[in-house]
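When a residue number appears, it is its place in the shown sequence, counting from 1. Both counts, for ligands and for their atoms, begin at 1 and track the order of listing.
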Amino acid sequence: MAFPATRLRRLRRTSALRGLVRETELAPSQLVLPLFVQLGTEERTPIDAMPGVARHSIALAVEEARTAYAAGVPAVLLFGVPADKDGQASGAHDVEGVVQLATRAIKEAVPELVVITDVCLCGYTSHGHCGVMSPDGEVDNDVTLELLARTAISHAEAGADAVAPSDMMDGRVAALRSQLDAEGHPSTPIVSYAAKFASAFYGPFREAAGSAPAFGDRRSYQMDPANADEAVREALLDVDEGADIVMVKPALPYLDVIRRVKEATRVPVAAYNVSGEYAMVKAAAAAGLLDERAAVLEALTGIRRAGADVVVTYHAREVAEWLN
Ligand code: PBG
C-alpha cells in the first residue's frame with residue numbers, strides 16, 4: 001500500500017505516539033564515564049580541548065565517581081597518569097600504581113559503582129607506545145602480553161569489576177583470561193577494545209593521558225580506518241579468546257562496524273565515543289553552532305541504534321542528568 005493509504009506521518013503526530021513506536025532507547029544504565037586519575041598532585045588539571053574533563057587526583061576522582069553515580073551513571077572507566085614512566089611500563093602493574101590506588105579508593109567510597117580499568121602500557125612507557133619496544137624498534141607483541149596480564153591482575157586485585165585491554169596486541173585477551181583464571185579472578189570480565197582504529201580522533205585524549213607516542217604512530221598495531229571485514233575478524237577472535245564484551249572505537253565514524261560486529265558476535269558490544277568526538281561537539285556548541293544537548297542525545301542514540309549495548313562517553317554524567 002502506498003500513499004495516500006500509507007502516511008508515515010500519522011505516527012509522528014504527537015510526542016506520545018512517537019514514544020510508542022520509538023525503536024531505540026538511550027538510558028543512563030548503558031553509559032560508562034571515563035575518568036583520568038593522576039598521581040603526584042592534589043589538583044584538578046583541566047584538559048584544554050575537552051571542556052568539563054580534567055585529570056583528577058585520587059581524592060577528586062572519588063568525588064567525580066560519586067557525583068556520576070548519584071546522577072545515574074552505573075560505571076566508570078579509569079585511566080591512570082603516573083608520576084614516572086620507563087621503558088618497561090613498570091607503573092602499569094605497580095600494586096601502588098595510580099589505577100590500583102584509585103580503584104581501591106573508588107570501590108571503598110562507592111561500592112555499587114562498576115569500576116572498569118583501562119589496561120594498556122602507553123601511559124606508562126617513556127616512549128608512549130602501547131607495548132615495550134624490541135631491539136629492532138618494533139612494539140614487541142609477545143613480551144607485552146606478559147606485562148598486560150600482570151597489569152590486569154593488579155587491577156583485579158585492587159577490586160576492579162572488569163578490565164579493558166586497549167593495546168591491540170595479538171592474543172592479549174587469551175593472555176589476560178588465562179592469567180586472571182590462574183590467579184584467582186575467574187569472575188572478572190574482559191571488556192576488549194576489539195576493533196580499535198588508528199584514529200585522528202584520539203588527539204585530545206593523548207593530551208589528557210599524556211600518552212602521545214614520542215616517535216612514529218600506532219598504525220602497526222591499531223587498525224586501518226578503511227577496514228571493516230578485519231574489524232569483524234578482530235572481534236570474533238577476541239570472543240574466541242574469552243572476551244565478555246567487545247568494543248568498537250571510535251564510535252561515530254564507525255557505526256557500520258558497530259552494526260557488523262554486533263551481528264557477527266551476538267555478544268554485548270560497547271562503543272567508545274572518543275575524545276575528538278566530544279571535543280568537536282563542545283567546540284561547535286561553544287561557538288554557538290549547534291544545540292549541545294540535542295546534538296549529544298542524537299549522536300548517542302545513533303550509536304545505540306547502530307548496535308551498541310554500552311556507550312563509553314565523556315558526556316555520561318550530563319546525559320544521565322538530562323535523561324533522569
Ligand atoms: C590507550 C587509549 C587511547 C584511548 C583510549 N585508550 C588512545 C590511543 O590509543 O592513543 C583514546 C580514548 C579517547 O580518545 O577518548 N591505548
Quick one: which residue pairs count as a side-chain hydrogen bond (donor to acceptor under 3.5 Å, both in side chains) with a foot in residues 102-125, not counting sequence neighbours? Lys107-Asp161, Thr117-His155, Asp118-Ser166, Asp118-Tyr193

Give every donor-acceptor pair under 3.5 Å between a side-chain atom in residues 3-11 and any protein atom, sequence neighbours left out.
from  : atom 1 : to   : atom 2 : distance (Å)
Thr6  : OG1    : Met1 : O      : 2.8
Arg10 : NH1    : Ala5 : O      : 3.1
Arg10 : NH2    : Ala5 : O      : 2.8

Report yes or no: do Thr45 and Gln38 form a side-chain donor-acceptor pair below 3.5 Å? yes

Hey, does the Lys NZ or Arg CZ of Lys196 hover above the aromatic six-ring of Tyr202, less than 6.0 Å from the centre and inside 45° of the axis? yes

For Asp238 and Ser192, does a side-chain donor sit closer than 3.5 Å to a side-chain acceptor? yes

Counting only heavy atoms and a distance below 4.0 Å, can you name the residues contacting ligand 1? Phe79, Asp118, Cys120, Cys122, Cys130, Ser166, Lys196, Phe201, Tyr202, Phe205, Arg206, Arg218, Gln222, Lys249, Tyr272, Val274, Ser275, Tyr314

Those residues at least two apart in sequence (or on a different chain) that pass side chain to side chain contact (heavy atoms under 4.5 Å, CB included) with Leu289 are Ala284, Ala287

